[in-house]
Amino acid sequence: QVQLIESGGGVVQPGDSLRLSCAASGGLSTQTTMAWFRQAPGKEREFVAAMFRNTGRPSYADAVKGRFTISRDNAKKTMYLQMNSLRPEDTALYLCAVDNRLILSSMRTHTAYDYWGQGTQVTVSS
């Protein structure tokens with residue numbers, strides 16, 4: 001069983017930065033894929049970024065590429081999402097997800113993940 005707790009969300013202005021954290025407990029391994037998704041009101045949950053297993057190679061949605069950076073600290077069992085140059089369209093509930101058996105082709109599919117946090121709200125508004 002894996003438990004995930006996100007933190008770091010808040011209300012910021014366009015152009016500001018935030019760093020989200022996702023602390024995990026239990027059941028992680030080198031086969032664990034960790035990812036961030038987001039969901040705005042009335043919209044589908046969408047992929048933001050992920051790190052497949054322990055490859056150290058990140059993958060990003062086009063909408064955030066060049067502005068967001070995903071990282072993970074395996075010793076602390078924590079994943080981060082550094083978000084720079086935030087835009088109003090980045091406003092959403094940000095959720096972290098992990099899975100220990102996920103294959104590469106499913107990495108961007110939210111239904112492929114077994115474990116989810118409760119989310120942290122990010123609001124970008126002037």
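Note that the structure is a prediction, hence the values are computed from the model and not measured. When reading the values below, keep in mind they use all heavy atoms of this one structure, side chains included, and skip hydrogens, waters and symmetry mates.
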Just how far is it from atom [atom1] of [X] to atom [atom2] of [Y], taken to the nearest 0.5 Å?
X	Y	atom1	atom2	answer
Q118	E6	CD	CD	7.5 Å
S21	M79	OG	CE	9.5 Å
Q3	Q1	CD	CD	7.0 Å
L102	T33	CG	OG1	5.0 Å
Y80	C96	OH	SG	12.0 Å
F37	R45	CZ	CZ	8.5 Å

Which heavy-atom pair separates [X] from [Y] by the least distance, and what is that distance?
X	Y	value
T91	Q121	CG2-NE2, 4.0 Å
M107	A50	CG-CB, 3.6 Å
A112	D99	O-OD2, 3.2 Å
L4	A24	CD2-CB, 3.5 Å
P14	S126	CD-N, 3.8 Å

Check for a donor-acceptor pair, side chain of D73 on one end and backbone N or O of K76 on the other, with a separation under 3.5 Å.
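Judged by distance alone, yes, a pair lies under 3.5 Å.
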Can you tell me which residue pairs pass the side-chain hydrogen bond (donor to acceptor under 3.5 Å, both in side chains) test with a partner in residues 103-114, sequence neighbours excluded?
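Sorted pair list: S59-R108, R101-D114.
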Non-hydrogen side-chain atoms of [X] and [Y] separated by less than 4.5 Å:
X	Y	result
Y60	T69	yes
L20	M83	yes
S7	T120	no
L81	V48	yes
R67	R87	yes

Go through the steps to decide whether N84 and S17 satisfy the test side-chain hydrogen bond (donor to acceptor under 3.5 Å, both in side chains), and finish with yes or no.
CA-CA 4 Å; N84 299 329; S17 298; 2.9 Å; yes
What verdict does the side-chain hydrogen bond (donor to acceptor under 3.5 Å, both in side chains) test give for R19 and Q82, after you've listed the backbone C-alpha separation in whole Å, the side-chain angles of each residue and the deciding distance to 0.1 Å?
CA-CA 4 Å; R19 189 175 85 151; Q82 177 66 43; 4.9 Å; no
Walk me through whether C22 and T78 qualify under side chain to side chain contact (heavy atoms under 4.5 Å, CB included).
CA-CA 5 Å; C22 173; T78 301; 5.7 Å; no
Single-linkage hydrophobic cluster V2~M51, side-chain heavy atoms < 4.5 angstrom
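Linked, V2 and M51 end up in one cluster.
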May I ask whether L95 and I70 are part of the same hydrophobic cluster, defined by side-chain heavy atoms of I, L, V, M, F, W, Y residues being less than 4.5 angstrom apart, directly or through others?
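No, no single cluster joins them.
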Under the rule for ring-ring contact (aromatic ring centres under 6.0 Å, His included), what residues qualify as partners of Y94, not counting sequence neighbours?
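With sequence neighbours excluded, Y94 shows a ring-ring contact (aromatic ring centres under 6.0 Å, His included) to no residue whatsoever.
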V122, D90, L93 screened by side-chain contact (heavy atoms from CB on, under 4.5 Å) with R38, the one that passes:
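Exactly one candidate clears the test, D90.
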Do the numbers put R57 on top of the ring of F52, so that NZ or CZ is under 6.0 Å from the six-membered ring centre and no more than 45° off the axis?
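No; the conditions do not both hold, so R57 does not lie above the ring face of F52.
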Go through F47 and W36 one step at a time and tell me if the ring pair (Phe, Tyr, Trp, His ring centres under 6.0 Å) criterion holds.
CA-CA 7 Å; F47 172 77; W36 289 97; over 10 Å; no
Is atom CG of L104 surrounded by more than 12 heavy atoms (other residues, nucleotides or ligands) closer than 6.0 Å?
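Yes - once you tally the heavy atoms of other residues, nucleotides and ligands closer than 6.0 Å, there are more than 12.
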